[in-house]
Each structure stands twice: as C-alpha cells, then as structure tokens.
Amino acid sequence: KVGWYNAVVQPAFHLFFFDDTLAFVVLSTPSMFEKVFFSFVNKERLKIIRDPVDQCVSHHLSCLKEKFPDQTVDIMLDYELLPNRKPKFLAQTAAHVAGAAYYYQRKDVKLDPWGKKKIFGVCIHPRYGGWFAIRGLLLFPDIQVPFLEQCAPVDCVSTEEQRIELLEQFNFHWQDTRYRDIIEVKERYSEEQKAYFATPPAERFKLLGLTQEVH
C-alpha cells in the first residue's frame, strides 16, 4: 500500500495517493536479459534511441498497462526524475516495504565502523542476492486495499559481520560484484549480461550492434 511507503520516507518523496492505494514493485530477475531484453532489441532495433534496458522496461510496462483498459494505471520507472532532479520514488525503500527485498542500511549495523564516511544501503533478494534490479512502480489509484496485510522482507543477511561485509563491498568494491553473492543465490547474471553492464553506457549501443543517434 502507498501508505506503507509514505510512512517511512521524507515528505519530499511522498507519493500523492491515498494510503490504501494498491501498488506493485516491479523487479527484473537475472534471466530477463536473455528472455526479454534480447528479443526486444531485435524487434525494436530501429526505435531504440536512449538506454536500451530502460526503454525495454518502459515498453513492457506500457504493454502491461494496456491489459487493464478499465483501470487507471500510473507507471513510475526507477530512472525517472522530478524537475528538482530527485527520483520520482525511492526504489529500494519501495521494495523493502513491499516485502520484495531487504534494504540493508547503515542503521542495520549496531557497531558502525565507518565514522564520517558516507555509506549507501543496498537491497538483497532472498533468492537472487544482488543479482536483480528494481525497475519500477505500478500504481492503481482507483483500487483501495484497506485490509491488505504487510509482509516483512526476508532478512537473509542476518549477522552483524555479514551486514558489515555487504555494505563494505557495495560501497567500496562494487565493481567486482562480490556484494551480489553475500548469500548463496539460485541464479546469477550470465557472463554476457555481466559484460554488458560492465561496459560504459555510451558504448553499450555498439555492443548491441545499434547506432546511437543524437537527440
């Protein structure tokens, strides 16, 4: 429910819907790359003018919206910004309150070893570890669910030592991807997908055989 999210974020990030409004957090699993992304690129090759993964997600969520012709569906994508350059919603917080993935933050560590350093939090999924992404939010303004019960996310990084290791790896060694394997996972990104995301965004078009046009 929107109210679960609004209760834990600063007013600047509130979603302007009734507290009981139904919302869905959309995640992409590791197999999305092979099952969805490649076919999208092959089919829509001439229409891709910005980040291909973002455009793929936007396309499929728009298709999903069309499945509900009698409902108002608002889509918020993880990369969308407000005019003040702040994100439209805090994706990791939304995933946590929805019970989809646990958002581990500095406050989850009792004996904080970082002093004045800036430490960012990270979501971990009980099945995929860090090998997943939060892609968007689907809101149904006309559907109120007052009796929906909130489910807590699975606390899969449960020890103090593991949490410190996770935040250390994510903040200071994120490029080696070790933080993604902080727990035993059921599925990881393929080598091809790892190579794609390790490539600078401006060079990804070339990797896919696309020509990036200037707009």
Side-chain angles (χ1 to χ4, degrees), residues 13 23-69 72-95 98 100-101 103 120-125 127-139 169-182 185-215:
F13 292 105
F24 290 87
V25 177
V26 180
L27 308 181
S28 63
T29 66
S31 61
M32 179 277 284
F33 202 72
E34 281 72 24
K35 289 182 177 177
V36 178
F37 180 62
F38 282 159
S39 61
F40 170 79
V41 170
N42 289 332
K43 188 179 176 185
E44 306 290 335
R45 185 169 292 276
L46 298 177
K47 298 178 186 175
I48 298 174
I49 57 172
R50 51 187 172 82
D51 182 274
V53 170
D54 288 349
Q55 202 164 331
C56 173
V57 172
S58 176
H59 168 80
H60 284 284
L61 292 188
S62 295
C63 290
L64 182 62
K65 182 176 179 175
E66 291 171 9
K67 303 287 186 185
F68 300 93
T72 300
V73 184
D74 285 4
I75 299 173
M76 291 186 185
L77 299 163
D78 69 297
Y79 57 83
E80 289 185 306
L81 301 176
L82 296 166
N84 61 8
R85 307 300 294 167
K86 287 185 177 181
K88 279 194 172 181
F89 76 103
L90 300 179
Q92 298 200 105
T93 300
Y103 184 24
F120 294 97
V122 61
C123 272
I124 295 295
H125 189 281
R127 182 180 179 86
Y128 305 115
W131 301 101
F132 78 104
I134 305 159
R135 298 296 183 185
L137 203 59
L138 295 177
L139 297 126
Q169 290 180 3
F170 178 69
N171 280 273
F172 308 118
H173 310 286
W174 62 270
Q175 286 172 308
D176 65 21
T177 71
R178 282 181 298 157
Y179 81 89
R180 298 181 188 271
D181 286 313
I182 193 70
V185 299
K186 306 293 185 189
E187 191 181 339
R188 292 182 180 85
Y189 290 178
S190 64
E191 291 305 313
E192 200 166 5
Q193 186 172 180
K194 287 180 192 174
Y196 178 83
F197 287 116
T199 301
E203 295 172 26
R204 291 174 185 172
F205 279 77
K206 194 189 302 179
L207 201 64
L208 295 170
L210 300 171
T211 303
Q212 186 175 18
E213 297 178 22
V214 178
H215 285 262

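These figures come from a predicted structure and were not determined experimentally.
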All N/O donor-acceptor pairs, side-chain side in residues 51-64, below 3.5 Å, sequence neighbours left out:
| from | atom 1 | to | atom 2 | distance (Å) |
| --- | --- | --- | --- | --- |
| Asp51 | OD1 | Val53 | N | 3.1 |
| Asp51 | OD1 | Asp54 | N | 2.8 |
| Gln55 | OE1 | Ile49 | N | 3.2 |
| Gln55 | OE1 | Arg50 | N | 3.4 |
| Gln55 | NE2 | Lys47 | O | 2.8 |
| Ser62 | OG | Ser58 | O | 2.9 |

With a cut-off of 3.5 Å and sequence neighbours excluded, list every side-chain donor-acceptor pair involving residues 24-40.
| from | atom 1 | to | atom 2 | distance (Å) |
| --- | --- | --- | --- | --- |
| Ser28 | OG | Arg135 | NE | 3.0 |
| Thr29 | OG1 | Ser31 | OG | 3.3 |
| Glu34 | OE2 | Ser190 | OG | 2.6 |
| Ser39 | OG | Val36 | O | 2.9 |

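- Here Leu90 contributes atom CG and Leu137 contributes atom CG; the two are 10.5 Å apart, rounded to the nearest 0.5 Å.
- Nearest heavy-atom pair across Tyr179 and Ile124 is O-CD1, 4.1 Å.
- For the ring pair (Phe, Tyr, Trp, His ring centres under 6.0 Å) test, no residue two or more places apart in sequence or in another chain qualifies with Phe89.
- Two residues are said to be in side-chain contact when any heavy atoms from C-beta on lie closer than 4.5 Å; Phe13 and Thr93 fail this criterion.
- Here Lys43 contributes atom NZ and Ile48 contributes atom CD1; the two are 12.0 Å apart, rounded to the nearest 0.5 Å.
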Stepwise, does the side chain to side chain contact (heavy atoms under 4.5 Å, CB included) test hold for Tyr196 with Arg204? CA-CA 7 Å; Tyr196 178 83; Arg204 291 174 185 172; 3.6 Å; yes
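- Electrostatic pairing of Asp78 and Lys88 does not count as a salt bridge here, judged by no charged N lying under 4.0 Å from a carboxylate O.
- With rounding to the nearest 0.5 angstrom, the CD atom of Gln169 is 6.5 Å from the CG atom of Asp176.
- Looking at every heavy atom in both residues, Leu139 comes nearest to Ala23 through CD2-CB, 3.9 Å.
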Checking salt bridge (Lys or Arg N to Asp or Glu O under 4.0 Å) for the pair Glu191/Lys194: CA distance, chi angles, key distance, verdict? CA-CA 5 Å; Glu191 291 305 313; Lys194 287 180 192 174; 3.1 Å; yes
Between Arg188 and Arg180, is the side chain to side chain contact (heavy atoms under 4.5 Å, CB included) condition met? List the steps. CA-CA 9 Å; Arg188 292 182 180 85; Arg180 298 181 188 271; over 6 Å; no
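- Closest approach of Phe132 and Ala101 over heavy atoms only: CZ-CB, 3.8 Å.
- The two residues Ala195 and Leu207 come nearest to each other via the heavy atoms O-CD2, 4.4 Å.
- Among all heavy-atom pairs drawn from Leu208 and Val41, the shortest one is CD1-CG2, 4.3 Å.
- Within the cation-pi definition used here (under 6.0 Å to the ring centroid, within 45° of the axis), Lys186 does not qualify as a partner of Tyr128.
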Residue pair Arg45, Asn42: steps toward the side chain to side chain contact (heavy atoms under 4.5 Å, CB included) verdict: CA-CA 5 Å; Arg45 185 169 292 276; Asn42 289 332; 3.2 Å; yes
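- Among all heavy-atom pairs drawn from Glu80 and Ile75, the shortest one is OE1-O, 4.0 Å.
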List the steps, then state whether side chain to side chain contact (heavy atoms under 4.5 Å, CB included) holds for Gln92 with Val122. CA-CA 7 Å; Gln92 298 200 105; Val122 61; 4.1 Å; yes
